[in-house]
There are 2 protein chains.
Amino acid sequence: MDPLSATFAALADPTRRAILARLADGEATVAELAEPFDMTTQAVSKHLRVLEEAGLITRGRRAQWRPSRLREDALDDATDWLEHHRAAFRQRFDALDREIAALRKDEGNHDGNH
Amino acid sequence: MDPLSATFAALADPTRRAILARLADGEATVAELAEPFDMTTQAVSKHLRVLEEAGLITRGRRAQWRPSRLREDALDDATDWLEHHRAAFRQRFDALDREIAALRKDEGNHDGNH
DNA sequence: GCACTCTTCAACCAAGAGGTTGCACAACCG
DNA sequence: CGGTTGTGCAACCTCTTGGTTGAAGAGTGC
């Protein structure tokens, strides 16, 4: 899967978004991350693997713990895509507004409203 | 599915992202949208349904055509989430940098480097 | 009415996602 | 050493996804 698709797919799950939000407070172990959820640690471990493969987190190794931490540039590509296209969309709507305004003005010059 | 998850899930497919990019140039019919892809129009119709249910596009009805167009505020929520959390992540890393700098300075005051 | 076009609906299929349980492995602790 | 803890792996299950084919609407135009 291409990296951008992997990132968006990883973000498309509320559990994973909550894990990311938690990791903004600092690194955490699997058990710590699993605690708020009604779910086995294995399931959380799977979510972490998805996040890791999407390049959103890295995982350390300290004794029997595998602390997860955010990657600093985790959300850059996704943010870039969204901001770029949101800007393009807005331009589109601005152009549409101008067209509509021009049409209205033109109509007014010829036959008024109807 | 919650709206944010639906949005990210919709964006997690390159075909759908290409469709959105195409729609930034103006509205288009299913057949027009399907043309660049090696895929049946039915498959594209399914993608459009996903985009519509995620609130990213709206669909008109003009004779036998169903033109799709972007929703102006389509990407707002996703962008907000990403920007907010990217900022939070960066704050985290800045804090980490300060901690490390403080540690280095402290170490230097006591026993030099090792 | 009839043919034609654009689109959707329904059924199907292979593959993947998200969860479970059970087990294995590695590292601590007595 | 043996027991406990944290984690990962494998197998399994159910539901979803992304595609297909074939048929059915819905609108246009002769």
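In this text, all values refer to a predicted model and were calculated from it rather than measured experimentally. A, B, ... follow the sequence lines: proteins, then strands. Residue 1 opens every chain.
Between A/S5 and A/D2, the side chains place a donor N or O and an acceptor N or O closer than 3.5 Å (distance only, hydrogens not considered).
Separating the CZ atom of B/R66 from the C1' atom of C/dC9 is a distance of 13 Å, rounded to the nearest angstrom. Whole-Å rounding puts the B/I57 CD1 to C/dT7 P distance at 12 Å.
Residue A/R71 qualifies as open at atom CZ: its count of foreign heavy atoms under 6.0 Å is 12 or below.
Between B/E27 and the options B/R59, B/R66, B/R22, B/R62, a salt bridge (Lys or Arg N to Asp or Glu O under 4.0 Å) holds for only B/R62.
No continuous path of hydrophobic side-chain contacts links A/L48 to A/V50 [ILVMFWY only; heavy atoms under 4.5 Å].
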| request: Using the side chain to side chain contact (heavy atoms under 4.5 Å, CB included) rule, take A/M39 and A/T15 through it: C-alpha gap first, then chi angles, then the decisive distance, then the call. | output: CA-CA 10 Å; A/M39 185 184 307; A/T15 304; 3.9 Å; yes
| note | B/S/- along nucleotides 15-28 of chain C (protein heavy atoms under 4.0 Å) is ---SBBBB----SS
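On the nucleic acid side, DNA chain D has its first and last nucleotide under 4.0 Å of a heavy atom of chain B at D/dG18 to D/dT28, going 5' to 3'.
Note that CG of A/L51 is 10.0 Å distant from OG1 of A/T7, once rounded to the nearest 0.5 Å.
A donor-acceptor pair is defined here as one N or O able to donate and one able to accept, closer than 3.5 Å; such a pair exists between the side chain of B/D13 and the backbone of B/R16.
Electrostatic pairing of A/D76 and B/R90 counts as a salt bridge here, judged by a charged N lying under 4.0 Å from a carboxylate O.
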